[in-house]
Undergrad: 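Have a look at this one before I ask anything.
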Number of protein chains: 2
Amino acid sequence: MTENSPPADSGTLRPRRSEATRAAILRAALARFAADGYERATIRAIARDAGIDPSMVMRYYGSKEGLFRAASEIDLRMPDFSGVRPAEAGEALVRHFLQRWEEDDSLAAMLRVGLASGLDEGRQQALLEGQVGPAVARFCAAAADVPRRTALVASQMIGMAVLRYLVEVPAVTSMTHDEVVAWLAPTVQRYLTAENP
Amino acid sequence: MTENSPPADSGTLRPRRSEATRAAILRAALARFAADGYERATIRAIARDAGIDPSMVMRYYGSKEGLFRAASEIDLRMPDFSGVRPAEAGEALVRHFLQRWEEDDSLAAMLRVGLASGLDEGRQQALLEGQVGPAVARFCAAAADVPRRTALVASQMIGMAVLRYLVEVPAVTSMTHDEVVAWLAPTVQRYLTAENP
DNA sequence: AACGTAGGCCAACGACTGTTGACCGTCCAG
DNA sequence: CTGGACGGTCAACAGTCGTTGGCCTACGTT
């Protein structure tokens, strides 16, 4: 009932001319959610941006919450760090996050919206465990430490993202990538590899 | 017009029996904004919590946004750090923030709501400059560095607050104050006093 | 050529919102 | 004793929202 799934026959069977519309809706939704937050972003406005009728949004995504869920799939695209020397792990991580944030607005957007109202409970935790965790695990010996070290690394990266991309504090936005790395990399490095203090 | 100011004769002249109601509204508003976010928190619900009619909220605070502005006055209560040795600055700051966050729910609440939608633009920046800045300035020599070092310190503290009080990541909430301090204090210390890298 | 179906629009419903204005009791000053 | 301001309630307005169901059109298949 509420589960208005995508076309049951997924993908390559038929051309499915509607895929373009589907994508347009998703793109518009992402932009609106990012700019206005979950509540202020109206389905009507999203539909208008996508150039279609609001009812189409319901048809394709079932409900506003369904649309949001579809739009807020975050992929940090953590690269393969196997070639990185342990001593450079901090720098590698900080650089990756900086680059990722700035090549994809939706990350900052979803940071804002995700924090705003606990709509997708446990989603952020899954993101930590599923995406950041494995990368952290590659650099720290004791497996039992991974969750804590992951969270510590995340705390620094999220805090930086908040100030640089959400609040947009001048003292932070004016820093170059290299400067940010110079300050944050040692911190992250310590969270990754320092002995339990 | 929109400026529905508090009683023009401020304070001690007359008993102003309504101050109790005013405070009750503010308390209820804070709790609702914290729990539900700005949009979901309705004036009707706040009024119900405060035990009065929704129209009283309008009378006293002019509009929902006015109420929010009044409810989101944040005071970090930065103590006097003049007796703290420079080498212990990081620990002192981290401990203060931890204690402050946990004695006053409204801080985490306003972190959430404040980030959610840019209602009070520049408010957070004023908070950094006005409250965190002076404390940081006490520990770093070059005055020109203060904004940047302030922002760096804030980035780590805000990131920790997000994970510990908003997302409530188990790996973070399970840490004791001492453990948090042990991990974060060196970071903050470095942001305060390390040479520009 | 006939037809089922997918893609899409239109108009409306019901609920809920912030906000307003009219009204009422109670206390204090004159 | 009387009038006015204060603290407060009630009911309503106007607007917007998510969501729904009916209807239309074009196209691919048979």
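Heavy atoms only: backbone and side chains are in, while hydrogens, waters and symmetry mates are out.
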Undergrad: Would you kindly give the CG-to-C1' distance between B:L67 and C:dT17, to the nearest whole Å?
TA: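 Answer to the nearest Å: 15 Å.
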Undergrad: What is the separation between atom CD1 on B:I43 and atom C1' on D:dT9, rounded to the nearest whole Å?
TA: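 One finds 16 Å between C1' of D:dT9 and CD1 of B:I43, rounded.
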Undergrad: Looking only at the side chains, is there a donor atom on one of B:E102 and B:Y165 sitting less than 3.5 Å from an acceptor on the other?
TA: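 Their side chains do contain a donor-acceptor pair, which is all the 3.5 Å distance test asks for.
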Undergrad: Atom CG of B:D53 to atom P of C:dC23: distance rounded to whole Å?
TA: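 For the pair B:D53 CG and C:dC23 P, the rounded distance is 16 Å.
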Undergrad: Just the rounded figure in Å: distance from P of D:dT9 to CD1 of B:I52.
TA: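 Rounded to the whole Å, the gap is 7 Å.
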Undergrad: Rounded to whole angstrom units, what separation is found between the NZ atom of A:K64 and the P atom of C:dA15?
TA: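 So the two atoms are 19 Å apart, to the nearest Å.
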Undergrad: Under the 3.5 Å rule, do the base of C:dG8 and the side chain of A:R59 count as making a donor-acceptor pair?
TA: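 Indeed, a donor on one side and an acceptor on the other fall under 3.5 Å apart.
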Undergrad: In whole angstroms, how far is the P atom of D:dC17 from the CZ atom of A:R32?
TA: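 After rounding, the gap between these two atoms is 11 Å.
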Undergrad: Would you mind reading off the distance between B:R40 atom CZ and C:dA15 atom P, rounded to a whole angstrom?
TA: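 From B:R40 CZ to C:dA15 P: 19 Å.
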Undergrad: Reckon A:A41 touches a base, only the sugar-phosphate, or nothing at all at heavy-atom distances under 4.0 Å?
TA: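 A:A41: backbone/sugar contact only, no base atoms under 4.0 Å.
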Undergrad: Do A:R148 and A:Y191 form a cation-pi contact, if we require the NZ or CZ to be under 6.0 Å from the six-membered ring centre and within 45 degrees of the ring's axis?
TA: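 Judged by the rule, A:R148 and A:Y191 form no cation-pi pair.
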Undergrad: With the side chain counted from C-beta on, respond yes when A:Y61 and A:R69 share a heavy-atom pair under 4.5 Å apart, and no when they do not.
TA: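 Side chain of A:Y61 against side chain of A:R69, heavy atoms only: no contact under 4.5 Å found.
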Undergrad: Are B:R95 and B:D178 close enough for a salt bridge, meaning some N to O gap below 4.0 Å?
TA: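 A salt bridge links B:R95 with B:D178.
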Undergrad: Hey, what's the ring geometry for B:F68 with B:F33, parallel, tilted or perpendicular (30° and 60° as the breaks)?
TA: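 The rings of B:F68 and B:F33 stand perpendicular, inter-plane angle above 60°.
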Undergrad: When you measure from the side chain of A:M56, which nucleotide among C:dG18, D:dT9, C:dC9 comes out closest?
TA: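 For A:M56, the side-chain atoms sit closest to C:dC9.
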Undergrad: Could you give the CZ-to-P distance, from B:R48 to C:dT17, as a whole number of Å?
TA: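 Taking CZ of B:R48 and P of C:dT17, I get 9 Å after rounding.
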Undergrad: Just to be sure I understand the rule, does A:A45 reach a base, reach only the sugar-phosphate, or reach nothing, if contact means heavy atoms closer than 4.0 Å?
TA: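 Answer is nothing: A:A45 stays at 4.0 Å or more from every strand.
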Undergrad: Nearest nucleotide by nearest heavy atom, which residue falls closer to the 5' end of DNA chain D, A:S55 or A:T42?
TA: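 Counting from the 5' end, the first nearest nucleotide belongs to A:T42.
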Undergrad: Starting from the 5' end of DNA chain D, give me the residue, A:R44 or B:R44, whose nearest nucleotide shows up first.
TA: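 Residue closer to the 5' terminus by nearest nucleotide: B:R44.
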